[in-house]
*Asks:* 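Below is one structure. I have some questions about it.
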Amino acid sequence: MAKLFFLLLSLCFLLLCCAPSYTNSHQICKLDLLYQSRDTISGRNFIRQVPVHSMSGHLTSICLDRKDCRGKLGRALSLVGEVSGNYYNDAILQGKTTEELTSMVPDVVDATIDAARKLINLGTTRVVIPGNFPIGCFPIYQTASVRNSSTEYDENQCVKQLNEFAKYHNQQLQQGIERLNEEKPHATVIYADYYKAYQYLLRYARFTGMDTEKACCGIGGKYNFNMTRRCGSRGVPICTDAERYVSWDGVHLTQKSLKIMARSLLFNIFPKLQC
């Protein structure tokens, strides 16, 4: 799931840098760097993944002094995520109850907001924090959370209970972002609504005939997903046309799906960046 967040946010960044804005001025949002703060670090040109606790050391390696660092961060877009995914993933796959999942939300939200606060204190002026997907629509969770009654699924055949949990997390996260914007008025902290963007993707998929349930790369069961025989394992087939599928491997989306979601997010995020 972590790779999915990074691919989606990277694609959004490319669109932001390369596509004209949707204003009368037709200016380009000029950003020199994209920072994603999470649990890994790697460099790929202007896209850099840096853990918050390593950010000071990273800046020391690229800045002449503190003023230079603030200048660089002032021309960057920092993405704080994903923090929630891996915490919740493990809990769901271990069979934790909704009550147990809900009890985790305050700590996850606090950790996310604190990471954003630290980046702002270092000099970042634009921060994007993504919410959670409607996780009840993903083959990995649908397989792990089979329900006996059709009433426990929504019109998209997604697990209602998991989606309600995702909504709760997102509501709490948005409240935390509002508080942080009040605390740091010189910075712009934006909520990226992955939930709504995924719903847009599902509508597009239904209209164009894409498969919204089965994974392109996988084997077995209603969702073409098996936790013990995942995509990449010996003998696990790949579909002939990935563009006909929403899900790539039951966990990550196909490239087409990512592009559709990225464009939906762009329309919502771009006007708020104050470029």
Side-chain angles (χ1 to χ4, degrees), residues 1-12 38-40 81-82 84-96 98 101 130-150 152-166 169 194-195 197-265:
M1 189 67 76
K3 291 181 180 178
L4 173 57
F5 274 83
F6 182 67
L7 286 170
L8 183 54
L9 290 170
S10 299
L11 185 54
C12 283
R38 39 169 291 195
D39 57 357
T40 61
E82 43 102 15
S84 64
N86 290 334
Y87 285 103
Y88 296 149
N89 290 352
D90 292 343
I92 293 170
L93 296 178
Q94 289 170 14
K96 299 291 186 182
T98 302
L101 289 172
N132 210 342
F133 293 88
I135 55 178
C137 301
F138 282 64
I140 181 174
Y141 301 123
Q142 290 171 312
T143 301
S145 306
V146 176
R147 297 300 195 265
N148 295 322
S149 172
S150 60
E152 297 186 77
Y153 295 87
D154 64 17
E155 67 277 8
N156 295 310
Q157 297 305 303
C158 305
V159 181
K160 286 182 181 179
Q161 194 173 41
L162 290 179
N163 281 359
E164 288 301 317
F165 168 72
H169 164 84
Y194 279 15
Y195 197 103
Y198 193 90
Q199 288 181 317
Y200 170 78
L201 168 62
L202 289 179
R203 291 194 297 272
Y204 177 94
R206 287 198 302 270
F207 181 76
T208 58
M210 294 173 67
D211 192 319
T212 60
E213 292 189 13
K214 292 184 178 180
C216 166
C217 178
I219 190 169
K222 179 179 178 180
Y223 305 106
N224 202 36
F225 179 84
N226 186 321
M227 197 66 181
T228 61
R229 296 187 66 194
R230 295 174 61 171
C231 182
S233 300
R234 184 185 297 275
V236 175
I238 300 175
C239 66
T240 56
D241 185 3
E243 291 205 344
R244 293 184 56 249
Y245 290 78
V246 167
S247 178
W248 164 246
D249 61 358
V251 181
H252 308 97
L253 303 182
T254 59
Q255 288 296 316
K256 181 176 181 178
S257 297
L258 290 171
K259 289 178 182 178
I260 294 167
M261 279 194 66
R263 290 194 176 278
S264 174
L265 288 164

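Model, not experiment: these values are computed from the prediction.
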*Asks:* Within a strict 4.5 Å, meaning less than it, do heavy atoms of the Asn89 and Ile140 side chains meet?
*Replies:*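 Counting from C-beta outward, Asn89 and Ile140 never come under 4.5 Å.
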*Asks:* Mind listing the closest non-hydrogen atom pair of Phe133 and Tyr195 along with its distance?
*Replies:* C-CD1, 3.9 Å
*Asks:* Can you sort out the partners of Lys160 under side chain to side chain contact (heavy atoms under 4.5 Å, CB included), two or more places apart, ordered by chain and number?
*Replies:* Asp154
*Asks:* For the cysteine pair Cys217 and Cys239, state whether the SG atoms are less than 2.5 angstrom apart.
*Replies:*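 No; the two sulfurs sit 2.5 Å or more apart.
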*Asks:* Which distance, rounded to the nearest 0.5 Å, do you find between the CD1 of Ile260 and the CZ of Arg203?
*Replies:* 12.0 Å
*Asks:* Nearest 0.5 Å please: distance from the CG atom of Asp211 over to the CZ atom of Arg206.
*Replies:* 13.0 Å
*Asks:* Give, for atom CD of Gln199 and atom CE of Met261, the distance between the pair rounded to the nearest 0.5 Å.
*Replies:* 10.0 Å
*Asks:* Mark yes or no for whether Asn132, through its side chain, and Ala166, through its backbone, hold a donor-acceptor pair below 3.5 Å.
*Replies:*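 Pair absent, no side-chain N/O of Asn132 close to backbone of Ala166.
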*Asks:* Roughly how far apart are Leu101 CG and His169 NE2, rounded to 0.5 Å?
*Replies:*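 NE2 of His169 is found 12.0 Å from CG of Leu101.
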*Asks:* Does the side chain of Gln161 come within less than 4.5 Å of Arg147's, by heavy atoms?
*Replies:* yes
*Asks:* With sequence neighbours excluded, tell me which residues meet side chain to side chain contact (heavy atoms under 4.5 Å, CB included) with Ser233.
*Replies:* Val236
*Asks:* Which heavy atom in Ile135 sits nearest to a heavy atom in Tyr141, and how many Å separate them?
*Replies:* O-CD1, 3.1 Å
*Asks:* Could you pull out the closest heavy-atom pair between Tyr245 and Ser257, with the gap in Å?
*Replies:* O-OG, 3.6 Å
*Asks:* For the SG atom of Cys158 and the CD atom of Glu164, what is their distance to the nearest 0.5 Å?
*Replies:* 12.0 Å
*Asks:* My understanding is that only one of Arg230, Glu213, Gln142 makes a side-chain contact (heavy atoms from CB on, under 4.5 Å) with Phe225; could you say which?
*Replies:* Arg230
*Asks:* Among all residues two or more places apart in sequence or in another chain, which pass the side-chain hydrogen bond (donor to acceptor under 3.5 Å, both in side chains) test with Ser247?
*Replies:*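 Not a single residue meets the side-chain hydrogen bond (donor to acceptor under 3.5 Å, both in side chains) criterion with Ser247.
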*Asks:* Mind checking what makes side chain to side chain contact (heavy atoms under 4.5 Å, CB included) contact with Gln94, not counting sequence neighbours?
*Replies:* Asp90, Lys96
*Asks:* Does the side chain of Lys256 reach to within under 4.5 Å of the side chain of Tyr204, using non-hydrogen atoms?
*Replies:*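 Sidechains of Tyr204 and Lys256: in contact.
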*Asks:* For Ser145 versus Val159, what's the shortest heavy-atom pair and its separation?
*Replies:*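 The pair with the smallest heavy-atom distance is O-CG2, 4.0 Å.
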*Asks:* So how far is it from Arg263 CZ to Leu201 CG, rounded to the nearest 0.5 Å?
*Replies:*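 The distance works out to 14.0 Å.
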*Asks:* Just by modelled atom types, is the Ala215 backbone N or O under 3.5 Å from a matching donor or acceptor in the Asn224 side chain?
*Replies:*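 A pair under 3.5 Å: yes.
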*Asks:* Test of understanding: with ring pair (Phe, Tyr, Trp, His ring centres under 6.0 Å), list the residues that count as partners of Tyr198, not counting sequence neighbours.
*Replies:*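 If we apply the ring pair (Phe, Tyr, Trp, His ring centres under 6.0 Å) test to Tyr198, skipping adjacent residues, the hits are Phe138.
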*Asks:* State, to 0.1 Å, how close Cys137 and Asn163 come at their nearest heavy-atom pair, and which atoms those are.
*Replies:*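 That would be SG-ND2, 3.7 Å.
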*Asks:* For atom OH of Tyr200, decide whether the heavy atoms of other residues, nucleotides or ligands shown that lie under 6.0 angstrom number more than 12.
*Replies:*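 Incorrect, the count does not exceed 12.
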*Asks:* Not counting sequence neighbours, which residues clear side chain to side chain contact (heavy atoms under 4.5 Å, CB included) with Ala205? List them please.
*Replies:* Met210, Thr212, Val246
